[in-house]
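I have placed the structure first, in the form of structure tokens, so that the comments after it can refer back to it.
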Amino acid sequence: MPKFLRIAATTITASILSLVFSAAAQDLPAPLETAVSEAEAQDDRRFSYTQTFVWRDFPPVVDRYDATTDSWTRISGTTDGWDNPGPKKLRNWTRIESRPGELLYADYRDSFSGVKLIEETDQSYIYSFTAGQENNEDLQGAEENVLTRAVVDKADQSIKSYLIKATQGFKPNAVSRLDEFVFEQTFERPAPGVAPVMTKVYWKAVGKQVFSKVDEELTIYYSDFDVVE
């Protein structure tokens with residue numbers, strides 16, 4: 001499963017994510033296979049980098065991770081005044097993404113089920129992906145409310161962006177409602193011959209589950225990479 005399931009998913013978002021991640025992975029189209037295979041071959045890569053974490057409209061918190069010492073340094077900002085669960089989200093993303101290989105899409109193979117080429121341009125292949133829910137009555141018909149996209153750059157042979165988005169509100173199960181959901185990533189190579197790493201992630205989830213509300217929005221930027229051999 002992609003790493004964001006371990007970092008950010010709540011009960012309500014886990015329901016919608018099961019729409020795209022519950023089935024076994026299929027054979028991938030050649031361009032997507034090339035991109036994923038390269039990342040898998042480098043899944044122990046380590047990077048030093050700068051992380052800029054933005055929770056809602058609060059001023060960003062900027063930290064620098066040094067992979068040679070496995071340590072963090074606060075450059076600017078504070079979580080003082082942030083509402084929940086902002087500080088916890090920062091701690092989780094900081095802890096998990098600094099592990100070897102975690103900024104790569106090396107663990108995304110199982111997310112690419114039902115892959116379809118929906119558009120080809122001079123520069124890119126654009127795919128949708130999904131997993132059928134024939135055996136889950138709660139989720140039957142919900143797929144039509146979820147937009148998925150993976151963009152593969154032809155020249156670079158890499159995934160440039162990855163998107164899951166609810167196009168309208170719906171009930172993923174009997175006790176939850178999802179009003180808004182967006183998960184979007186971009187990737188770039190930090191150096192020639194090095195598999196692409198995440199440069200931006202945007203996450204928004206709004207809805208309710210049982211007797212509680214879900215209201216989360218964050219953007220994280222990753223920059224100034226140093227590859228640690």
Side-chain angles (χ1 to χ4, degrees), residues 1-9 13 16-17 19-21 25-26 28-43 45 47 49-54 60 89 93 96-97 101-131 143-168 180-205 216-225 227:
M1 290 291 183
K3 60 184 74 66
F4 70 90
L5 282 177
R6 305 193 299 271
I7 302 173
T13 53
I16 187 173
L17 293 170
L19 287 168
V20 278
F21 301 123
Q26 64 178 41
L28 300 181
L32 197 55
E33 174 67 39
T34 297
V36 173
S37 294
E38 180 191 26
E40 290 172 338
Q42 300 185 34
D43 67 353
R45 284 278 192 185
F47 306 91
Y49 58 88
T50 298
Q51 173 184 278
T52 302
F53 191 102
V54 184
K89 296 295 182 180
W93 283 88
I96 293 175
E97 292 303 319
E102 288 297 319
L103 287 175
L104 281 62
Y105 44 74
D107 57 353
Y108 277 38
R109 180 178 294 275
D110 288 344
S111 74
F112 289 121
S113 298
V115 178
K116 296 179 181 179
L117 178 65
I118 60 171
E119 185 179 354
E120 179 178 353
T121 69
D122 292 341
Q123 293 79 34
S124 304
Y125 298 104
I126 303 173
Y127 298 98
S128 66
F129 50 96
T130 188
E143 288 177 346
E144 65 189 31
N145 298 322
V146 181
L147 173 71
T148 59
R149 294 290 185 269
V151 178
V152 176
D153 184 275
K154 288 183 175 180
D156 194 57
Q157 297 185 304
S158 67
I159 297 174
K160 290 298 185 182
S161 64
Y162 180 97
L163 171 68
I164 304 171
K165 180 179 182 180
T167 56
Q168 62 184 30
E180 295 182 71
F181 180 78
V182 183
F183 176 77
E184 186 171 13
Q185 294 172 293
T186 60
F187 300 90
E188 295 290 343
R189 292 187 187 277
V194 178
V197 295
M198 185 163 57
T199 56
K200 179 183 177 181
V201 58
Y202 175 72
W203 169 278
K204 184 173 185 179
E216 305 171 356
E217 184 175 18
L218 62 87
T219 307
I220 313 173
Y221 301 92
Y222 299 94
S223 60
D224 302 323
F225 295 96
V227 181

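Excluded from the calculations below are hydrogen atoms, water molecules and symmetry mates; all remaining heavy atoms, backbone and side chain alike, are included.
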Can you tell if the side chain of [X] reaches within under 4.5 Å of the side chain of [Y], non-hydrogen atoms only?
X: P29; Y: K116; value: no
X: K160; Y: P196; value: no
X: L28; Y: V115; value: yes
X: L103; Y: F187; value: no

Heavy-atom closest contact ([X] atom, [Y] atom, distance):
X: E40; Y: A106; result: CG-O, 3.3 Å
X: A195; Y: Q42; result: N-OE1, 3.0 Å
X: Y222; Y: E97; result: OH-CG, 3.5 Å
X: L104; Y: A39; result: CD2-O, 3.7 Å
X: F129; Y: S111; result: CD1-O, 3.5 Å
X: D153; Y: A155; result: OD1-N, 3.1 Å

Between [X] and [Y] (side chain of the first, backbone of the second, donor and acceptor by atom type, cut-off under 3.5 Å), is there such a pair?
X: R189; Y: D156; answer: yes
X: K154; Y: T121; answer: yes
X: Y105; Y: I159; answer: yes
X: T167; Y: N145; answer: yes

Next item on the list: For this output row, return yes or no: ring centroids of Y108 and Y162 closer than 6.0 angstrom.
Entry: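 Between Y108 and Y162, the centre distance is under 6.0 Å.
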Next item on the list: Not counting sequence neighbours, which residues clear side-chain hydrogen bond (donor to acceptor under 3.5 Å, both in side chains) with T34? List them please.
Entry: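 T34: no side-chain hydrogen bond (donor to acceptor under 3.5 Å, both in side chains) contacts found.
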Checklist line | Passing option when W203 is tested against E184, E216, Q185 for side chain to side chain donor-acceptor pair (under 3.5 Å) | finding: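 Single pass found, and it is E216.
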Next item on the list: Could you walk me through whether L147 and L163 pass the side chain to side chain contact (heavy atoms under 4.5 Å, CB included) test, one step at a time?
Entry: CA-CA 8 Å; L147 173 71; L163 171 68; 4.0 Å; yes
Checklist line | Evaluation steps, side chain to side chain contact (heavy atoms under 4.5 Å, CB included), between Y221 and F53 | finding: CA-CA 7 Å; Y221 301 92; F53 191 102; over 6 Å; no
Check: Just checking, is any N or O donor in the side chain of T199 or T186 under 3.5 Å from an acceptor N or O on the other one?
Finding: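 Yes - a donor-acceptor pair under 3.5 Å links their side chains.
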Next item on the list: Using the side chain to side chain contact (heavy atoms under 4.5 Å, CB included) rule, take V194 and F225 through it: C-alpha gap first, then chi angles, then the decisive distance, then the call.
Entry: CA-CA 11 Å; V194 178; F225 295 96; over 6 Å; no
Checklist line | K165/E180 ion pair, N-O < 4.0 Å | finding: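 Looking at K165 and E180, the cut-off is not met.
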Notebook entry, point to check: Going through the distances and angles, do Y49 and V197 end up as a side chain to side chain contact (heavy atoms under 4.5 Å, CB included)?
Noted result: CA-CA 11 Å; Y49 58 88; V197 295; over 6 Å; no
